[in-house]
Amino acid sequence: MPILTRAFYERDTELVARDLLGKVLVRIEGGVERAGRIVEVEAYLGSHDKAAHSSRGMTDRTRVMFGPPGHAYVYVIYGIHHCMNVVTEPEGHGSAVLIRALEPLSGIDGRTSGPGLLCKAMGIDRRLDAHDLLSDDFFITSDPLPAKRVRVVKRPRIGVDYAGRWAKRLLRFYIADNPNVSRK
DNA sequence: CTCCGGATTCGT
DNA sequence: CGAATCCGGAGT
């Protein structure tokens, strides 16, 4: 199972988002391995994207988004849940891909359809913010099985109605007919 | 320092 | 449809 390289992440964010579908997110903690196939993502294009956290400039929280690609950007939402992103494009761009749903593969207890739910099921929290995904305990690999031909659905991103015209962009991607997608 | 609101989820 | 519940970010 080859781990995705820095070069994979250091590309156009929409391409990375699309290519992450079908890849496998792995978290190993205390000898326990948890893994899930990525079936739904959203692209946040950079500081010009009004729906992206980075559009408010670099702050303590968003510094990771402006950092080098291939790192996790994990933040707390509504004081209750965590959301996980992977940083994309060259350092300084402020772009990332939000992981929104997984198909459970191994070691997973609980639901994985939704950004907060999958973080809970995978044991992902703020301690993993800024964690390098080119590491041996938290990474993304390509599918160990032969790549399937999947149809990708494009929709507006969820929960960003405040972002004006950016709310209309089709930057949410998911695998068609996959039952683990958070919503149709 | 205070105040506001959120890339969500769950229960009514 | 409203509550839960914390913290980042903006303003004083």
Colleague: For A/V76, which contact category applies under a 4.0 Å heavy-atom criterion: base, sugar-phosphate, or nothing?
Modeller: nothing
Colleague: Looking only at side-chain N and O atoms, does A/T88 offer a donor or acceptor that is under 3.5 Å from a partner on A/S95?
Modeller: yes
Colleague: Under the 5.5 Å and 30° test, is A/Y78 stacked on the base of B/dG6?
Modeller: no
Colleague: Could you state the atom-to-atom distance from CD1 of A/I80 to P of B/dA7 in whole Å?
Modeller: 14 Å
Colleague: With both distances under 3.5 Å as the test, what is the Watson-Crick or G-U wobble partner of C/dC7?
Modeller: B/dG5
Colleague: Rounding to an integer number of Å, can you tell me how far A/H82 NE2 sits from C/dG8 P?
Modeller: 12 Å
Colleague: Looking only at side-chain atoms of A/Y44, point me to the closest of C/dT5, B/dA7, B/dT9.
Modeller: B/dA7
Colleague: Quick one: is A/H53 getting a side-chain N or O under 4.0 Å of the B/dA7 phosphate, OP1 or OP2?
Modeller: yes
Colleague: Are A/T59 and C/dG9 close enough that a side-chain N or O sits under 4.0 Å from OP1 or OP2?
Modeller: yes
Colleague: Provide, to the nearest angstrom, the distance between the CZ atom belonging to A/R56 and the P atom belonging to C/dC7.
Modeller: 20 Å
Colleague: A/R126 side chain N/O closer than 4.0 Å to the phosphate oxygens (OP1, OP2) of C/dG8?
Modeller: yes
Colleague: Once you round it to whole Å, what is the distance between C1' of B/dA7 and NE2 of A/H81?
Modeller: 13 Å
Colleague: Is a salt bridge present between A/R18 and A/D12, judged by a nitrogen-to-oxygen distance below 4.0 Å?
Modeller: no
Colleague: Looking only at side chains, do A/T62 and A/S54 share a donor and an acceptor under 3.5 Å apart?
Modeller: no
Colleague: Looking at A/R100, I'd like to know whether one of its side-chain N or O atoms comes within less than 4.0 Å of OP1 or OP2 on B/dT8.
Modeller: yes
Colleague: For A/Y174 and B/dA7, what is the distance between atoms OH and P respectively, to the nearest whole Å?
Modeller: 21 Å
Colleague: Taking atom P of C/dT5 as reference, at what distance in whole Å does atom NZ of A/K120 sit?
Modeller: 13 Å
Colleague: Less than 4.0 angstrom between a side-chain N/O of A/Y162 and OP1 or OP2 of B/dG5, yes or no?
Modeller: no
Colleague: With a non-hydrogen cut-off below 4.0 angstrom, is A/M84 in contact with a base, only sugar-phosphate, or nothing?
Modeller: nothing
Colleague: Report which part of the nucleic acid A/R157 touches: base, sugar-phosphate, or nothing (heavy-atom distance under 4.0 Å, all strands).
Modeller: nothing
Colleague: If the threshold is 4.0 Å, N to carboxylate O, is there a salt bridge linking A/E40 and A/R172?
Modeller: yes
Colleague: What is the distance, rounded to the nearest whole Å, between atom CH2 of A/W166 and atom C1' of B/dA7?
Modeller: 15 Å
Colleague: For the residue pair A/T112 / A/E103, report whether a side-chain donor-acceptor contact shorter than 3.5 Å exists.
Modeller: no
Colleague: Could you walk me through whether A/C83 and A/L98 pass side-chain contact (heavy atoms from CB on, under 4.5 Å), step by step?
Modeller: CA-CA 7 Å; A/C83 289; A/L98 171 69; 3.9 Å; yes
Colleague: With nearest nucleotide decided by heavy atoms, which residue, A/G159 or A/R111, maps closer to the 5′ end of DNA chain B?
Modeller: A/G159
Colleague: Nearest of C/dT5, B/dT9, B/dA7 to any side-chain atom of A/Y73?
Modeller: B/dA7
Colleague: What contact category does A/D60 fall into here, base, sugar-phosphate, or nothing, at under 4.0 angstrom with non-hydrogen atoms?
Modeller: sugar-phosphate
Colleague: Find the distance A/D161:CG to B/dG5:C1' and express it as a whole number of Å.
Modeller: 15 Å
